[in-house]
Amino acid sequence: MYEAMKNISANARNAGRSSLEKSENIFAMVMIAPALVILLLLVVYPIMSGIRLSLFDYNLLKPKHSFLGLGNFIELLKDKRFLFIIWNTVIFAVIANTASTIIGLFAAILLNNSGKLTRVLRGLGYLPWITPSVVVVFVWGWIFSKNFSPINALLMQTGLIQTPLGFLGNTGTFLGLTMPAWSVLFVRTWFSFPFKMTMLLAALQSIPKEQYEAARIDGANVTHIFWHIIIPWILPVLMITYSISMIWNLTHFEVNALLTNGGPRGLTTIITMFITEKAFVHYRMGLASAAGVLVMILASIIGIGYILAIRKGEQA
Amino acid sequence: MKKVTMLCIVCVAVLCMFGANETYAAKKVTFSMMNYGDFAQQDALLAGLAEEFEQETGIEVEYEVINWSQAREKITMWHLGGDAPDVTDMFWSYTFSDMGNGEFGTRPIEEYLDQYIPDFKERWVGSSLGDVTYKGHVYGIPWRIDVRPMMYRKDFFEEAGLDPEGLKTWDDLVEYGQKLTIKDDNGNVTRWGVGFHDDPAQFFYSWLWQAGGAFLDDTYTQATLDTEAGKKALQFIADLVLKYQIASPDNWVDASYDPYAEFAAGKIAILPSASSQRNFIEQNAPQLQDVVGVTAPLKDEQQQSFQGAGYFGLTYQAEDVDAAMQWLAFLARTENMLSLAKLASAISPCKPSLEDPFYQDDWWFSGHIKALPYGRTTQHPTPAWGAITNAKPGSPIYDMLVDAITGSKSADDAIAAAQAQMQELLETMTE
């Protein structure tokens, strides 16, 4: 009898708990629903719509839009100009992202103290990041102009050069890239290093001081501290910063478009400029969407690589 | 009984309102114009014109000023069936009349011209009619026109002992360019004799036409770049840079190279095909007003230069064509054409208005007018036009000019490649 009573009581408790859990779940779903709907409408729907468009000959100048299957993708992968632009996009993304991460890391290490000057420098360090990109590019366009550049004026006045440098027009190569490509990379690096600096500075400030003190007692020098304390400690932040920034770099537009307009001779043209051209100049929305889908796949590979690396790290 | 009386009064009132509205609608014209100059000035001018027109005809004009940033989208929508004003300010008559396909947007007005503007062809600059005449129809009244004139530095000419009147042909350009190009002790050019236009396609049109060539055949479906005239024009442009070395190789190659800034800085002596620089010079380098000369374009086989014009057109959406044409005729009066062109700081294609001191006494317009008879329009006769003339790498005209002036391709090879690419665009975009 007692057992039966206990069972009934337990069942009642379970029923009560399950009812509570159910109502909590419903409440949670109701609370999540608006955000979910917004996410579906603003993120999932455009992505799905873009994927759908990429399978059609969707030309704004044509009344009928026939189904092409993978036709747009095949056309793109057969197009030498497109393949060159993809190569360009990856090269610009890798170099700009790596350079800005390295500069951001060293800037963060230099600014990782609480001096008054440091605080001022931190503020100044954010300037490139918070200045509108159009303004940044306009100013750099003037600095890099052949005949009005203050750099050229200085170098010529000091007798270091006899002929003004064509920062944005010289097609001779240095380390495999042209001077306009290096100029674009410089501006992109300058523009994006403050983000890396901010993220890595936050990670650096989370390292306990005891770690440094213990290392110094053990006789570690600056290089040892950098490789054996700083890097392992900030690695997760470094990885996520690099991955996110790589995705941004793959979809970058403004510096290449505004500084060189993709020139000279298409040497600084990147995928976003190609997509804009196909969509809004050639009105070929299907082909532009297919190029967009390829960029999405490229970015997804980086994202998946990052997740796998994190999981591997957690298992280790 | 009272209720029935009240109901009757209400019914009569409603019927009167509908009746009045019908009459009202028949006496109203809707009009839109892009924004030019100062908004308050434009509003005051349009309000004045509308009031004067209403006093004369009893027809009310409801006008709207459209921001330029929305102009292309709005005009496109009107031509795809959207609610359009009866009379409106437009451009690209060729493209949009094709887009409207005889159903929407701009409608031909030639059948009304004899009745409403009988002296249209005599009173307008001949070249401006090309902007509104397409496939045998007239699509509106041009009210502002812009031809690419030749611009030069009078002080440099004087310094070199050159007479501007002697600069007429391509050969003259080479001779003058050589005399005006100056180098420093290190061999760096400090002043180029000749400069190009910032828009490669607009630049090339003029040279191609001057050589006797054309961009497209009469059906607007076949590219006609790769001809003797085309090769000659491209070779000459390449020669200015590579052979004679009187034009900068940075044109279109270095994105920071702005021919107008270079000209204003005294680093270029002649711009044979220049867009209107009146406002730029008055605002940024007013001291140049005394030393800049503006005149007619060069001549090879023929004397021509690129031209664009804005026009007022009647739309298919206009229900009362008579009222709309009366308004169009009113706008087409010489004094109104002049007021509107003055507002936009533009040249009026209405010939009598060009006699006004506003043009005759102006340092820029007085020279610019000399280029008017030689204007030739494009007005985008194919939907592929934007892709063909896009001033960016990957577009046929841009790539052709850059390949030729950098010497990476011979002029013949560059023009053959451009012809093939242009034809492909024409076929893929218009099939």
Side-chain angles (χ1 to χ4, degrees), chain A residues 57 59-63 75 79 81-82 84-85 88 137-138 140-149 152 156 159 161-171 178-180 183-184 256-270 273-274 276-278 280-284 287, chain B residues 72 76 80 95 98-99 101 183-192 198 200 248-259 261-262 264-268 382-395 398-403 405-409 421 424-425 428-431:
Chain A
D57 178 20
N59 187 330
L60 291 181
L61 300 172
K62 293 178 184 176
E75 184 181 337
D79 181 355
R81 179 172 173 248
F82 177 76
F84 173 74
I85 287 169
N88 249 2
V137 178
F138 182 77
W140 281 109
W142 166 68
I143 292 171
F144 286 148
S145 66
K146 192 170 179 181
N147 291 332
F148 303 105
S149 163
N152 273 332
M156 288 184 79
I161 56 170
Q162 304 300 320
T163 305
L165 300 171
F167 293 104
L168 303 179
N170 190 332
T171 51
T178 57
M179 198 179 266
S183 303
V184 166
N256 291 62
L258 298 173
L259 194 65
T260 58
N261 205 8
R265 301 176 64 203
L267 292 170
T268 58
T269 304
I270 51 175
M273 297 173 73
F274 179 87
T276 311
E277 174 194 300
K278 290 298 167 197
F280 302 112
V281 180
H282 294 188
Y283 306 115
R284 297 189 66 186
L287 194 71
Chain B
R72 193 166 153 183
T76 304
L80 292 173
T95 305
D98 271 348
M99 195 183 278
N101 204 23
K183 292 181 179 177
D184 66 12
D185 296 340
N186 296 315
N188 297 318
V189 175
T190 54
R191 185 177 75 204
W192 295 101
D198 55 348
S248 170
D250 293 328
N251 282 288
W252 311 311
V253 177
D254 187 323
S256 70
Y257 190 84
D258 176 356
E262 301 280 329
K267 292 171 186 289
I268 292 176
T382 159
W385 199 257
I388 292 166
T389 60
N390 191 24
K392 288 182 180 174
S395 303
Y398 174 92
D399 285 350
M400 175 189 76
L401 285 165
V402 170
D403 284 340
I405 66 165
T406 55
S408 60
K409 275 185 189 166
Q421 199 185 347
E424 190 188 335
L425 284 170
T428 55
M429 292 182 72
T430 58
E431 66 188 4

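Throughout, a chain's letter reflects where its sequence line sits, starting with A, and its residues are numbered from 1.
- Contact count versus chain B (heavy atoms, under 4.5 Å) is highest, among A:Ser149, A:Ser145, A:Gly169, A:Gly263, for A:Gly169.
- Residue B:Ala261 touches chain A through both its backbone and its side chain, counting heavy-atom pairs closer than 4.5 Å.
- In this structure, B:Asn188 and A:Met156 have side chains that are in contact, with non-hydrogen atoms separated by less than 4.5 Å.
- Between the side chains of B:Glu262 and A:Asn147, at least one donor N or O sits under 3.5 Å from an acceptor N or O.
- Across all non-hydrogen atoms, the minimal contact from B:Ser256 to A:Gly141 is CB-O, 4.0 Å.
- Using a 4.5 Å cut-off between heavy atoms, A:Leu259 touches chain B through its backbone atoms (N, CA, C, O) alone.
- Legend: residues meeting ring-ring contact (aromatic ring centres under 6.0 Å, His included) with B:Trp252, ordered by chain and number and at least two apart, are B:Phe196, B:Phe203.
- Neither the backbone nor the side chain of B:Asp258 comes within less than 4.5 Å of any heavy atom of chain A.
- Using a 4.5 Å cut-off between heavy atoms, B:Asn390 touches chain A through its side chain atoms alone.
- At a 4.5 Å heavy-atom cutoff, the contact between B:Val253 and chain A is made by backbone and side-chain atoms alike.
- A:Arg81 touches chain B through its side chain: at least one heavy atom from C-beta onward sits under 4.5 Å away, while N, CA, C and O do not.
- Most heavy-atom pairs under 4.5 Å with chain B: of the set A:Arg284, A:Met273, A:His282, this distinction falls to A:His282.
- Residue A:Thr269 touches chain B through its side chain alone, counting heavy-atom pairs closer than 4.5 Å.
- Other residues, nucleotides and ligands contribute more than 12 heavy atoms inside 6.0 Å of the CZ atom of A:Phe84.
- For the ring-ring contact (aromatic ring centres under 6.0 Å, His included) test, residues two or more places apart in sequence or in another chain that qualify with A:Phe82 are A:Phe274.
- We find the NZ-CG distance between A:Lys146 and B:Asp250 to be 3.5 Å, quoted to the nearest 0.5 Å.
- Closest heavy-atom contact between B:Pro393 and A:Glu277: O-OE1, 3.8 Å.
- Between chain B and the options A:Phe148, A:Tyr283, A:Phe280, A:Phe144, heavy-atom pairs under 4.5 Å are most frequent for A:Phe148.
- Both the backbone and the side chain of A:Asn261 come within less than 4.5 Å of a heavy atom of chain B.
- Heavy-atom distances place the side chain of B:Leu425, and not its backbone, under 4.5 Å from chain A.
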